Amino acid sequence: MAKPKVLVTRRWPDAVEARLCENFDAVLNRGDKPLTETEIREALQSYDAILPTVTDKVSSKALDVTNPQTRILANYGVGYNHIDMGKAADHGMMVTNTPDVLSECTADIAMTLMLMVARRAGEGERELRAGQWDGWRPTHLVGTKVSGKVLGIVGFGRIGQEMARRAHFGFGMKIVVFNRSSVASEVLAQFNAVQVDTMEDLMPLCDFVSLHCPGGVSNRNLINARLLDLMKPDAFLINTARGEVIDELALTSALMFDTIGGAALDVFEGEPRINPNLLQCDNLVMLPHLGSATREAREAMGFRVLDNLTDFFEGRDPRDRVN
Ligand code: 8YV
């Protein structure tokens, strides 16, 4: 029987690409250039499976095809807000993702950002590299203590819980949770965490707020001017979820007028384009979407996609099916 024809839309770790080529009739993207919507639409006509990432807009326009050849979109990544799920379902296309294997590394980056912004590490590094450090003094780049403070976690799934583990057991932080559904009391008890009912309840309680909810329409601009106004004036906002969860215009104004202590972002609306106003904010740390960027996580994500594909083409239900 012919091997399924599979399109890998970006470069993946070598070990995973090698295995994909052994098991499937795989076409790799050696130039590593993101696909356009038109290229995705064409690919839907000729591949049995497409393996997209966050940089592929598998939009309603891209999915506007009749009788596609593609039967599965095996996403490389846990978030799949770049895929129009309604349109995929209309075509009877299965969608899978890669949860679990990147939770620890994404939480590590959220911790990195929290520490960097609180301790003014970005400002310090910029100063030093610019040759502007003129030596130690008691009042130099004085930041905010992290240990023992209150951390609000928005979205208490796998990554949110890994964040709670680090913050609570590593830094003695008190954990407050907002989550759409109610979190099991045994799960909250592990971190001595308290769940609140609304974002309005959460924001004023926190010294740090870290976002771990999905992107997509339901959470678009969840963090708006009104919620930013409810934060303590010296509190910090951390985002490793999706850029669209924050109204960036409202955040820019909160940072410029110092109505909050600062923010730290790994993800951006319309990334890799960065709103130029954000670049002006000194109380902001920015990373280029590094959440899962470790060798271990990126390989594990790839092998998880392989498992999902193998299950699908061998007639089993893939473990990471999301529709
Ligand atoms: C991935 C992520 O690297 O998994 C996710 O949802 O945000 C990142 O960690 C990226 O999405 C890969 O598609």
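These figures come from a predicted structure and were not determined experimentally. In listed order, ligands and their atoms are each counted from 1.
- Side chain to side chain, Gln69 and Asp48 meet the donor-acceptor criterion of an N or O pair below 3.5 Å.
- Where the criterion is an N or O separation shorter than 3.5 Å, residue side chain and backbone included, Val78 meets it with respect to ligand 1.
- Distances between N or O atoms of Val54 and those of ligand 1 include at least one value under 3.5 Å.
- Side-chain contact, Thr198 with Asp201: a donor N or O sits under 3.5 Å from an acceptor N or O.
- For atom 8 (C) of ligand 1, the nearest non-hydrogen atom of the protein is His289 NE2, 3.4 Å.
- Using a 4.0 Å cut-off between charged side-chain N and carboxylate O, Asp311 and Arg321 make no salt bridge.
- Heavy atoms of other residues, nucleotides or ligands lying less than 6.0 angstrom from CZ of Arg295 number 12 at most.
- Close to ligand 1: Leu102, with a non-hydrogen atom less than 4.0 angstrom away.
- Any N or O atom pair closer than 3.5 Å counts here, and Arg242 shares at least one such pair with ligand 1.
- Remark: ligand 1 and Met301 share no N or O pair separated by less than 3.5 Å (distance only, no angle test).
- Considering backbone and side-chain atoms alike, Ser292 places an N or O below 3.5 Å from some N or O of ligand 1.
- Salt-bridge check for Arg41 with Asp64: failed, with every basic side-chain N at 4.0 Å or more from each acidic carboxylate O.
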